[in-house]
Amino acid sequence: MTGQSLDDRRTIPPGGVIGIMGGGQLGRMTALAAAELGYRCHVFCPEKDGPTEQVAAAATIAAYDDGAALDAFASAVDVVTFEFENVPHESVQRLAGRVPVRPGWNVLRVSQDRLVEKRFIEQAGVPVTRFAEVTGLESLAAALAEIGPPAVLKTTRMGYDGKGQVMVKPSTDPAEAWAQMGGAVGILEGFVDFDCEVSVVVARGPDGATSHFEPVRNVHRDHILHTTTAPAGLAPETGAAAVDAALRIATALDVVGLLAVEMFVVRDGRVLVNEIAPRPHNSGHWTIDACACSQFEQFVRAVCGLPLGDSARHSDAVMTNLIGDEVSDWPALLAEPGACLHLYGKAEARPGRKMGHVTRLALKSGPRDG
Ligand code: AMP
């Protein structure tokens, strides 16, 4: 079940209004790309003066479950999409009764819950990390007996950037690990001694057409993305397996929009999916400066049913996130040749907060003629 009718698959031509649920930097960069193609964006989020609102044509500041606000939003936009996948299910269905919602509610339902997501990916024939459901101390003991430490205990819902994760080592007391989860339903995953982490961003239009950006290599620090490097420097068969996994999942889910798939490359070259996100992704930010069509433009094209753009890389790129106080390096970054600085307009640089990013390019083109 996709939650979409055929009628939902119509094109929204330039001049239309794109509704974006969520008000962070992903919405901001989407709204900027949408403006380039002649669209206006209307953001719906609970916080005032967020990164998206600052650049959007219109804003609704309301709780995600405010029915009257959702209805008014639906009648003010031509299509709704998400820069944040944890919008309540009921709200998405309410919107879907009034306006095309892309991707459909089923995509969000799957990606909101790590357990549902892992089962779905496995059923699509794509390898994932070993996992087991954990609902209490007893099932944690059973899961540990099956998967064994080292393992990672994660909440199934609302977890991102390592939030709601506990490393379970052979020396860890399971009762203590369970207590740290605060009673939330969890998933125990085998710890993967990976060679590297990669991701692939796929775009898929209402007609099922797909386009993908090449696999990129990601390095995390404290569970938060630190750098993304393109090209990833993978063996060709590893890169092909990563792309195949991402395309399979996007098609199985009937995604309309973007799907980012994060994967571990293990020592024997196999890829295991860690998690998916049905929206633009931090590991796709490099595409703004290094590809003819960025992930944000591609997102707008897919959601509006336009032909998908050219995702080829014209420059090698390393994207580095600016977390917390690192943003204060902006004067030096502005002065650095080949560095493309992107700041998100967040007033307060709290620890762990994504404040901006810088993409350093190594141009592949020949010498300039003048
Ligand atoms: P997540 O929130 O699941 O994306 O986790 C954030 C980061 O934590 C990942 O990108 C990995 O660097 C690390 N991580 C998460 N799960 C595992 C695992 N099962 N094995 C090894 N590292 C992991």
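Counting starts at 1 for both ligands and their atoms, in listed order. Fair warning: this is a prediction, and the values are worked out from it, not measured in the lab.
- For the pair F191 and ligand 1, the shortest N or O to N or O distance does not fall below 3.5 Å.
- Salt bridge E214/R313: present, at least one basic N to carboxylate O contact under 4.0 Å.
- Salt bridge annotation for E133-R119: present, with a cationic side-chain nitrogen under 4.0 angstrom from a carboxylate oxygen.
- Remark: ligand 1 atoms within the under-4.0 Å shell around heavy atoms of F194 are 21 (C), 22 (N).
- Considering backbone and side-chain N/O of F264, none are found under 3.5 Å from N/O of ligand 1.
- Checked against N218 for a side-chain hydrogen bond (donor to acceptor under 3.5 Å, both in side chains), the options T227, T229, T228 give a single hit: T228.
- Contact atoms of ligand 1 toward E189: 16 (N), 19 (N) (distance under 4.0 Å to a heavy atom of the residue).
- A donor-acceptor contact shorter than 3.5 Å is absent between the side chain of T156 and the backbone of R114.
- When the heavy atoms of Q165, R130, H220 are ranked by distance to atom 1 (P) of ligand 1, first place goes to Q165.
- Contacts of N218 with ligand 1, taken as heavy-atom pairs under 4.0 Å, are absent altogether.
- For ligand 1, the atoms closer than 4.0 angstrom to any heavy atom of E197 are 9 (C), 10 (O), 11 (C), 12 (O).
- A heavy-atom separation below 4.0 Å is not found between A151 and ligand 1.
- In this structure, F44 and F73 have perpendicular ring planes: the angle between them is above 60°, well past the 30° mark.
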For the pair N106 and D254, evaluate side chain to side chain donor-acceptor pair (under 3.5 Å) and give the outcome as yes or no after the intermediate values.
-> CA-CA 9 Å; N106 189 48; D254 193 18; over 6 Å; no

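- Taking OG of S283 as the reference point, atom CD of E197 lies at 10.5 Å (rounded to 0.5 Å).
- Nearest-residue assignment for atom 19 (N) of ligand 1 (options G190, S199, A277, S283; heavy-atom criterion): G190.
- Ring geometry, H285 versus F296: the interplanar angle falls from 30° to 60°, so the pair is classed tilted.
- Listed by number with element, the atoms of ligand 1 under 4.0 angstrom from any heavy atom of V192 are 18 (C), 20 (N), 21 (C).
- Between E262 and ligand 1, no N or O atom pair is found at a separation short of 3.5 Å.
- Contacts with ligand 1 closer than 4.0 Å are made by side-chain heavy atoms of R114 only, the backbone lying farther away.
- A salt bridge between E275 and K118 is absent, with no side-chain N of the basic residue lying under 4.0 Å from a carboxylate O of the acidic one.
- In the vicinity of K154, heavy-atom distances shorter than 4.0 Å reach the ligand 1 atoms 3 (O), 15 (C), 16 (N).
- The distance criterion of under 3.5 Å between nitrogen or oxygen atoms is not met by T129 with respect to ligand 1.
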Which is it for H220 and H226 under the ring pair (Phe, Tyr, Trp, His ring centres under 6.0 Å) test, yes or no, and what are the steps along the way?
-> CA-CA 5 Å; H220 291 79; H226 172 51; 9.8 Å; no

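- Heavy atoms from both the backbone and the side chain of H223 come within less than 4.0 Å of ligand 1.
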